[in-house]
**Q** 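Sending over a structure as structure tokens; questions will come in a sec.
Bear in mind the structure is a predicted one, so any value in this text is a computation, not a measurement. Values reported hereafter were calculated over all heavy atoms of this structure, with side chains retained and with hydrogens, waters and symmetry mates removed. Just so you know, residue 1 is the first one in the sequence shown, and it goes up from there.
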Amino acid sequence: MFKGLGNLGNIASMMAAFKDLPQKMQELNARMQDEHVRGDSSCGRVFVIVNCVGQVQSVNIAQDGMSKAEIEQGVLEATNAAGAAAKQTYAEAIHAMVADMNLDIPGVDGLLTSLIGR
């Protein structure tokens, strides 16, 4: 009848960890603003640097001999690749933070997967 009461200690520690969650998220967001990833176009002549909260930091185009359409396609591909890498890095950082805080939340992996679109 009282089998489930053994997990009360886990609930108490999770509640204490939840109290720290807003501060941890602020720290994570600050760190992700300073962390950068790179996305490259399939032609290899365009790359985009994005921070891990999705803000484009720089675009580099080696446009010699490229048409306007090729440049546009390259920027599109590189930006999308950098955005995907930023989402992946952010999701991995959240996953690590949750693990470090010992927050075993059912469904968190599914939530992170849906955030990065995979």
Side-chain angles (χ1 to χ4, degrees):
M1 176 173 163
F2 295 106
K3 255 196 219 180
L5 292 179
N7 290 330
L8 284 179
N10 292 344
I11 292 171
S13 67
M14 282 180 63
M15 295 303 290
F18 273 122
K19 178 183 63 146
D20 297 333
L21 195 56
Q23 176 65 30
K24 296 285 188 183
M25 283 302 298
Q26 283 182 336
E27 292 168 5
L28 177 74
N29 283 330
R31 194 173 86 235
M32 292 292 101
Q33 286 179 354
D34 293 334
E35 191 166 334
H36 298 88
V37 294
R38 175 179 163 151
D40 293 275
S41 66
S42 60
C43 69
R45 300 179 71 193
V46 177
F47 69 86
V48 174
I49 304 293
V50 175
N51 69 11
C52 290
V53 294
Q55 299 167 325
V56 175
Q57 303 297 300
S58 67
V59 177
N60 185 298
I61 303 169
Q63 66 183 16
D64 299 336
M66 290 179 72
S67 70
K68 180 180 183 280
E70 290 170 322
I71 292 170
E72 289 172 348
Q73 183 64 32
V75 169
L76 179 72
E77 290 174 2
T79 303
N80 286 337
K87 284 181 181 181
Q88 179 69 37
T89 302
Y90 195 87
E92 290 170 0
I94 289 176
H95 185 73
M97 179 190 71
V98 168
D100 288 346
M101 294 177 72
N102 204 22
L103 290 174
D104 185 18
I105 303 168
V108 76
D109 288 330
L111 175 65
L112 293 176
T113 300
S114 69
L115 287 175
I116 62 171
R118 295 186 189 179

**Q** Gln57: which residues meet the side chain to side chain donor-acceptor pair (under 3.5 Å) condition with it, sequence neighbours left out?
**A** none
**Q** How close do Ala93 and Met32 get, counting heavy atoms only, and between which atoms?
**A**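 Minimum heavy-atom contact is CB-CE, 3.9 Å.
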**Q** Between CD of Glu72 and CD of Glu77, what distance do you get to the nearest 0.5 Å?
**A**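 So the CD of Glu72 and the CD of Glu77 are separated by 12.5 Å.
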**Q** According to a 4.5 Å side-chain heavy-atom criterion applied to Ile, Leu, Val, Met, Phe, Trp and Tyr, with indirect links allowed, do Val56 and Ile71 form part of one hydrophobic cluster?
**A** yes
**Q** Got a second to check how far His36's NE2 is from Cys52's SG, nearest 0.5 Å?
**A**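 Interatomic distance, His36 NE2 to Cys52 SG, rounded to 0.5 Å: 8.0 Å.
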**Q** Has Gln63 got more than 12 heavy atoms of other residues, nucleotides or ligands less than 6.0 Å from its CD?
**A**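 Open: at most 12 neighbouring heavy atoms sit under 6.0 Å from CD of Gln63.
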**Q** Could you measure the distance from the NZ atom of Lys87 to the CD atom of Glu92? Nearest 0.5 Å is fine.
**A**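 With rounding to 0.5 Å, NZ (Lys87) is 14.0 Å from CD (Glu92).
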**Q** Taking all heavy atoms of Ala81 and all of Gly39, pick out the closest pair and write down the distance.
**A**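 Closest approach of Ala81 to Gly39: CB-CA, 3.9 Å.
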**Q** Donor-acceptor pair, Arg45 side chain versus Ala62 backbone, under 3.5 Å?
**A**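 The answer is yes, because a donor-acceptor pair under 3.5 Å joins these two groups.
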**Q** Measure the CD1-CD distance between Ile49 and Gln55 for me, rounded to the nearest 0.5 Å.
**A** 14.5 Å
**Q** Using only atom types and a distance under 3.5 Å, with no angle test, would you say the side chain of Glu70 pairs donor to acceptor with the backbone of Ser67?
**A** yes
**Q** When you group the ILVMFWY residues by side-chain heavy-atom contacts below 4.5 Å and let the links chain together, are Val53 and Leu21 in the same group?
**A** yes
**Q** Nearest 0.5 angstrom please: Thr89 OG1 to Ile94 CD1, how far?
**A**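 So the gap between those two atoms works out to 11.5 Å.
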**Q** Working note: Glu27 + Arg31, criterion salt bridge (Lys or Arg N to Asp or Glu O under 4.0 Å); need CA distance, chi angles, decisive distance, verdict.
**A** CA-CA 6 Å; Glu27 292 168 5; Arg31 194 173 86 235; over 6 Å; no
**Q** With rounding to the nearest 0.5 Å, note down the distance linking CD in Gln73 to OG in Ser42.
**A**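 If we round to the nearest 0.5 Å, Gln73:CD and Ser42:OG are 7.0 Å apart.
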**Q** Do Met66 and Val59 belong together in a cluster built from hydrophobic side chains that touch within less than 4.5 Å?
**A**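 Hydrophobic grouping puts Met66 with Val59.
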**Q** Spell out, as yes or no, whether a donor-acceptor pair under 3.5 Å connects the side chain of Ser41 to the backbone of Ala78.
**A**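 Here the side-chain-to-backbone pair does not exist.
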**Q** Under 4.5 Å between side-chain heavy atoms, hopping through other hydrophobics if needed: is there a path connecting Val98 to Met25?
**A** yes
**Q** Quick check on side chain to side chain contact (heavy atoms under 4.5 Å, CB included): which of Asn60, Thr79, Ile61, Val75 does Phe47 satisfy it with?
**A**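 For Phe47, the side chain to side chain contact (heavy atoms under 4.5 Å, CB included) test succeeds with only one of Asn60, Thr79, Ile61, Val75, which is Asn60.
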**Q** Between Tyr90 and Asn51, does the side-chain hydrogen bond (donor to acceptor under 3.5 Å, both in side chains) criterion hold? Intermediate values first, please.
**A** CA-CA 10 Å; Tyr90 195 87; Asn51 69 11; over 6 Å; no
